[in-house]
Number of protein chains: 2
Amino acid sequence: MSPARARTSHQAIIAEARGLLEEGGLDAVTMQAVAGRVGVRAPSLYKRFAGRSALIGAIAQDVVVELDASIAPATRTADPAEAVQIAANQYRAFAHRSPGAYQLLFSRLLPDARPTAESNAAGAAGVLLIAERLVGAEHALEAARLFTAFVHGFVSMELAGAFRLGGDVDAAFSYSLDTIVAGAVPQRSIG
Amino acid sequence: MSPARARTSHQAIIAEARGLLEEGGLDAVTMQAVAGRVGVRAPSLYKRFAGRSALIGAIAQDVVVELDASIAPATRTADPAEAVQIAANQYRAFAHRSPGAYQLLFSRLLPDARPTAESNAAGAAGVLLIAERLVGAEHALEAARLFTAFVHGFVSMELAGAFRLGGDVDAAFSYSLDTIVAGAVPQRSIG
DNA sequence: ACCTGAACACCGTTCAAGT
DNA sequence: ACCTGAACACCGTTCAAGT
C-alpha cells in the first residue's frame, strides 16, 4: 500500500551518466545503461528528465559551471599576463581531467541540451576582465575571443589526437600563450 | 538470369551521406537514409562499406583532403604574414561552407573512422612551412600548433554558437591573426 | 509518488535467397 | 556480382498497471 519511494535522484542520475560518458563517450550514455547504474529501469528516468537529450543537457550545464569555477581564481591574480597563464592552465587541466565532459560542450547538441548563456556568463566575464587588463577596453572582447579560441582549439586538438608530429606539446602550449601575450600587449601602446 | 548490376557507387554513397550530414548532423546519417538517397536498400551498402563507421570514416578522409587542398595555395604566397592570413581565411571559409563535415573531423570517432595521419600530412606540411618562414626553424612546430589551434578553436566555437556576447566576429578573427603574427615574429629576432 | 513490464517505432547488421 | 526481405539485438520512449 505504501507508495513507491524514490530509489534514485536527479544528482545520482547525472553523476552515473557522466561516468558512462567518460568511459565510453556519448554513445555509451544510453537510458538503459544509466538506469542500470542507478539501480532502476529505463522508464523510471523519465520521472526526472524529459528524455535523453534533457539528461545530456543537464550534464552540460554542470560541466559549464565547473569549468567556469576552475578558471575563476585566475581573476584574482593582479598581473594580467600571469592571470592568462593561470586561466589557460586551469582550463586545460579541466579538459584533461574530464575529456568526455569537455568535448560534450562543443558537440552538436539537440536544442534542449544546450547550456544556457547565463550559465557561462561568469566564465565569459572572467576572461573578459583579464583581457581588458591586458589590452585595454577597446580590444578586450577581441582579445578574450583570441584567448578562448586558442585554448579551446589547442585542448580540442589534443583530445582528438590531432598533434601527431611529435615534439613537446606542453612546450607548444606554453610558447603559444607567451606569443599571444607578446602580440597583444604592444597593441595597447602602439595601436 | 543476368547477375544484378551495380545501382550505385562508392562515391555516390559518400556524397549522399555527406548531404545528410550537413542537413541533419551525424544522427541523420543512418544506413537506411543513405540507402534511400542512392536508391537502394540498407543491406546493399555493406557490399561497399564494412559498416556505418567505415562510411563515416570515408567521409572524414575526403574532408581532410579537401581541407588540405583549400589551404594549400597559401603556401605559394611569399610573405609569411600574408600567407597566414590567406591560409586562415581559407580554412575558416571551408568550415563555413561545410560545417557538418568540418565538425566531423573533431568528433570522437570510432577506431575505423579515423582519418589516417598520411591523409593530412600535406596540410600539416603546408602550415609548418609557413610557420617556419615566419618564426624560423627552431619554433616552427610550436608556431604551427599555435596557428592551427587558434583557427580551429575559433571556427569550432563559431559553429557551436559560442560567441554570444555580440561584437564583430569577423573583426575578432582578423584582430587575433594580427596579434598572433605580431607576437610570433619578434621572437625570431629577440629570443 | 515512483517503479515496472510490455509494447512501439526505430536503429545497425547478418544472411539466405533471388536475379 | 549485386540486391533484397526477413530476422536479430539493440535503442528511446510511452503507458497502463502495480505498490
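Lettering of chains follows the sequences in order, A, B, ..., and the numbering in each one begins at 1.
Of all non-hydrogen atoms in B:S119 and B:V64, the two that sit nearest each other are O-CG1, 3.4 Å. What you find for B:L105 and B:P115 is that their closest heavy atoms are CD2-CG, 4.5 Å. Between B:A113 and B:S53, the shortest heavy-atom contact is CB-O, 3.2 Å.
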Using a 3.5 Å cut-off and no angle test, enumerate the donor-acceptor pairs between side-chain atoms of residues 94-101 of chain B and protein atoms at least two apart in sequence or in another chain.
| from | atom 1 | to | atom 2 | distance (Å) |
| --- | --- | --- | --- | --- |
| B:H96 | NE2 | B:E158 | OE1 | 3.0 |
| B:H96 | NE2 | B:E158 | OE2 | 3.3 |

Under 3.5 Å, which donor-acceptor pairs link side chains of residues 75-83 of chain B to any protein atom two or more places apart or in another chain?
| from | atom 1 | to | atom 2 | distance (Å) |
| --- | --- | --- | --- | --- |
| B:T75 | OG1 | B:A72 | O | 2.9 |
| B:D79 | OD1 | B:A81 | N | 3.3 |

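Between B:S44 and D:dT4 there is a side-chain N or O to OP1 or OP2 distance below 4.0 Å. OP1 or OP2 of D:dC3 lies within a sub-4.0 Å distance of a side-chain N or O belonging to B:R48. A sub-4.0 Å separation between OP1 or OP2 of D:dT4 and a side-chain N or O of B:R7 is present.
Following chains of ILVMFWY side-chain contacts shorter than 4.5 Å, one cannot reach A:L128 starting from A:V151, and the two form parts of different hydrophobic clusters. Linking ILVMFWY residues whenever their side-chain heavy atoms come closer than 4.5 Å, directly or via other members, places A:F49 and A:V38 in the same cluster. B:V185 and A:I180 fall within a single hydrophobic cluster, where Ile, Leu, Val, Met, Phe, Trp and Tyr side chains are chained together by heavy-atom contacts under 4.5 Å.
One atom, CZ of B:R5, and another, C1' of C:dT19, lie 14 Å apart when rounded to the nearest Å. The distance from atom CG of A:L20 to atom P of D:dG12 is 11 Å, rounded to the nearest whole Å. In this entry the distance linking CG of B:L45 with P of C:dG12 reads 10 Å, nearest Å. Rounded to an integer number of Å, the gap from A:L26 CG to D:dG12 P is 11 Å.
Annotation: the span from B:L177 atom CG to A:L146 atom CG amounts to 9.0 Å, rounded to 0.5 Å.
In this pair, A:F154 and A:F163 present their aromatic rings tilted. The plane angle is within the 30 to 60° band.
In DNA chain D, consecutive stretches of 3 or more Watson-Crick or G-U wobble pairs with both distances under 3.5 Å are given as paired ranges: C:4-8 with D:12-16, C:12-16 with D:4-8.
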Are there any protein N/O atoms within less than 3.5 Å of an N/O atom in nucleotides 14-18 of chain D, and if so, which ones and at what distance?
none

Do any N or O atoms of the protein come closer than 3.5 Å to N or O atoms of nucleotides 9-11 of chain D, and which pairs are they?
| from | atom 1 | to | atom 2 | distance (Å) |
| --- | --- | --- | --- | --- |
| D:dC11 | OP2 | A:Q32 | OE1 | 3.4 |

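Listed by first then second residue, pairs satisfying side chain to side chain donor-acceptor pair (under 3.5 Å) with a partner in residues 141-156 of chain B read A:H152-B:S156, A:S156-B:H152, B:Y102-B:H152, B:H139-B:E142, not counting sequence neighbours.
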